[in-house]
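Take a look at the structure set out below.
Computed from a predicted model, the values in this text were never measured in an experiment. Order of the sequence lines sets the chain letters (A, B, ...), proteins ahead of strands, with each chain counted from 1.
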2 protein chains.
Amino acid sequence: MAQRNQLKYIILGLLSEKKLTGYDITKAFDSDIGEFWSANHSQIYPLLKRLEDDALITHELELVGEKLEKKLYSITSAGKTVLREWLSEPTPEISATKDEFILKLYFIHSADDPLLLPMLTEQHQLHQAKLTHLKNQMSRKFPDETSQNNLGHFLILQHAIQRETRYTAWLQDIIDKVSR
Amino acid sequence: MAQRNQLKYIILGLLSEKKLTGYDITKAFDSDIGEFWSANHSQIYPLLKRLEDDALITHELELVGEKLEKKLYSITSAGKTVLREWLSEPTPEISATKDEFILKLYFIHSADDPLLLPMLTEQHQLHQAKLTHLKNQMSRKFPDETSQNNLGHFLILQHAIQRETRYTAWLQDIIDKVSR
DNA sequence: CAAAAACATGTATATATTTACATATATAAA
DNA sequence: TTTATATATGTAAATATATACATGTTTTTG
């Protein structure tokens, strides 16, 4: 195995919220949930088929325009059970936060290394942009205090924003020290 | 492919610091660098062989005790070039921070869900323990201000500590709000 | 109205990663 | 001194993931 098929549960979770096509699920990883997992459509479509074989989901066909048929998937009660079981299990593992930049930084031994400052400014710019994007998402999805209808969705966005805020501040701090 | 073989560069990076065995490299993922990548020995040994075939590393045999031979690997100048090239390249992708707990949280829609509080306290305990562990590592590896001989090593530990500090604070904040 | 972008669904191939299988020596602890 | 643990090195098999290949429709934009 290569990991305990989290994507399976993500798909079940997404379908427990509403009916979705494979395309919708693919796109879901472009927004908030994409901060904490990613998947390509080439992984999603075969998995949808497998989950349907296992009777955890079903689909109905829907016509778009004249010809184009899309498959609207929905979760079955068996699927809901499996999803709930996953949610109920302990989550005792904190997996490594895979971050290529941090890996590179690990091998920069001196503040005088000419690669350091460009690396830092590049990352600062990237994370600053991501932070802006996340804040936009937040104000779009949760415009006011009372709109926190979906707690989980709100919390993970909040988490991502805090993460990026701290990340950029950390980078800025190093930049200040290095370029002084 | 499934990612641009970062492990290759980690191995080159580690070997650029000192000669190591496959076992040493495996163990390296138990300490600081393990916060940002992980690998099993079953992945490391074959890759070492491949890197040696590509002449990026070599090894010498060393005897431990009476019989046990270990392979001490070291980086070649070709390996150093490849490593330096990797470090010099831009790192324009921020990959998703894969976190199973956060995924689960995404699918908890209400503060009244009985699963929520146990999940939060479990994670708080885990991240609190990790934070303590990281702080111990820090005071062991960098006991005083002047001991920051290896900037990269220091910075990524600092980063991990800040990350876990914020993570636990975030969890505590939710726990307070939910259990009120 | 033409062209570009978005919608929609797949398959094939290569590689990365995890878990399990397999074995042996050296050292520390009971 | 025996036993457990750490050191040490591999292979096999299964699964996950990424990139590329492949195709067609619908909607938006210039």
Side-chain angles (χ1 to χ4, degrees), chain A residues 1-11 14 19-31 33-34 36-54 57 59-73 92-98 100 103, chain B residues 1-11 19-31 34 36-54 57 59-73 92-98 100 103:
Chain A
M1 240 196 299
Q3 237 160 169
R4 229 158 61 284
N5 210 348
Q6 324 255 54
L7 183 57
K8 167 180 167 178
Y9 298 108
I10 297 171
I11 290 177
L14 289 171
K19 295 181 180 181
L20 295 169
T21 66
Y23 187 81
D24 294 330
I25 293 169
T26 304
K27 270 197 313 170
F29 292 103
D30 292 338
S31 66
I33 199 165
F36 300 100
W37 206 265
S38 70
N40 295 102
H41 76 276
S42 61
Q43 195 185 357
I44 290 166
Y45 286 111
L47 184 49
L48 283 169
K49 200 161 274 180
R50 210 191 84 197
L51 292 176
E52 189 160 34
D53 288 344
D54 295 347
I57 62 177
H59 80 269
E60 60 203 271
L61 291 173
E62 200 174 77
L63 220 68
V64 185
E66 295 278 293
K67 294 179 176 178
L68 207 158
E69 271 184 340
K70 64 178 181 182
K71 292 185 178 176
L72 251 189
Y73 285 94
E93 305 293 329
I94 305 177
S95 55
T97 305
K98 297 194 170 181
E100 189 175 9
L103 291 178
Chain B
M1 238 197 298
Q3 235 160 167
R4 229 158 61 284
N5 209 348
Q6 325 257 55
L7 183 57
K8 166 180 167 177
Y9 299 108
I10 298 171
I11 289 178
K19 295 181 180 180
L20 295 169
T21 66
Y23 186 81
D24 294 331
I25 293 169
T26 305
K27 270 197 315 171
F29 292 102
D30 292 338
S31 65
F36 300 100
W37 205 265
S38 70
N40 295 102
H41 76 275
S42 59
Q43 196 185 359
I44 290 166
Y45 285 113
L47 185 49
L48 283 170
K49 200 161 275 180
R50 210 191 85 197
L51 293 177
E52 189 160 34
D53 287 344
D54 296 346
I57 62 176
H59 81 270
E60 58 202 272
L61 292 172
E62 201 174 77
L63 220 68
V64 185
E66 295 279 292
K67 293 179 177 179
L68 207 158
E69 271 183 339
K70 64 178 183 183
K71 291 185 178 176
L72 252 189
Y73 284 93
E93 304 293 329
I94 304 178
S95 55
T97 306
K98 298 196 169 180
E100 189 175 9
L103 292 178

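In summary, Glu100(A) and Arg4(B) engage in a salt bridge, as defined by a charged side-chain N under 4.0 Å from a carboxylate O.
For Phe29(B) and dA16(C), the CZ to C1' distance is 13 Å, given to the nearest whole Å.
Taking each heavy atom of Thr26(B) and His41(B) in turn, the nearest pair found is OG1-CB, 3.5 Å. Shown here for Tyr73(A) and Ile57(A), the closest heavy-atom pair between the two residues is CD2-CD1, 3.6 Å. Ser95(B) and Lys98(A) make their closest contact through OG-O, 3.3 Å (heavy atoms, listed as atom of the first residue, atom of the second, distance). The shortest heavy-atom contact between Leu63(B) and Glu69(B) is CD1-CG, 3.5 Å. Residues Ile44(B) and Gly22(B) approach most closely at CG2-O, 4.1 Å, considering heavy atoms.
Side-chain N/O atoms of Gln43(A) include none lying less than 4.0 angstrom from OP1 or OP2 on dA16(D). Put simply, Arg50(B) has a side-chain N or O that comes within less than 4.0 Å of OP1 or OP2 on dA16(C). Residue Asn40(B) has a polar side-chain atom (N or O) positioned under 4.0 Å from OP1 or OP2 of dT18(C). When the side-chain nitrogen and oxygen atoms of Lys98(B) are compared with OP1 and OP2 of dT17(D), one or more of them lie within a distance under 4.0 Å. For dA14(D), neither phosphate oxygen OP1 nor OP2 lies less than 4.0 angstrom from any side-chain nitrogen or oxygen of Arg4(A).
Helix bend of the helix from dC1(C)-dG30(D) to dA30(C)-dT1(D): the angle between its two end axes, each built from five pairs, comes to 50° after rounding to 10°.
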With sugar-phosphate taken as primed atoms, P, OP1 and OP2 and all else as base, the protein-contact string of nucleotides 2-10 of chain C at under 4.0 Å (heavy atoms; B, S, -) is ----SBBBB
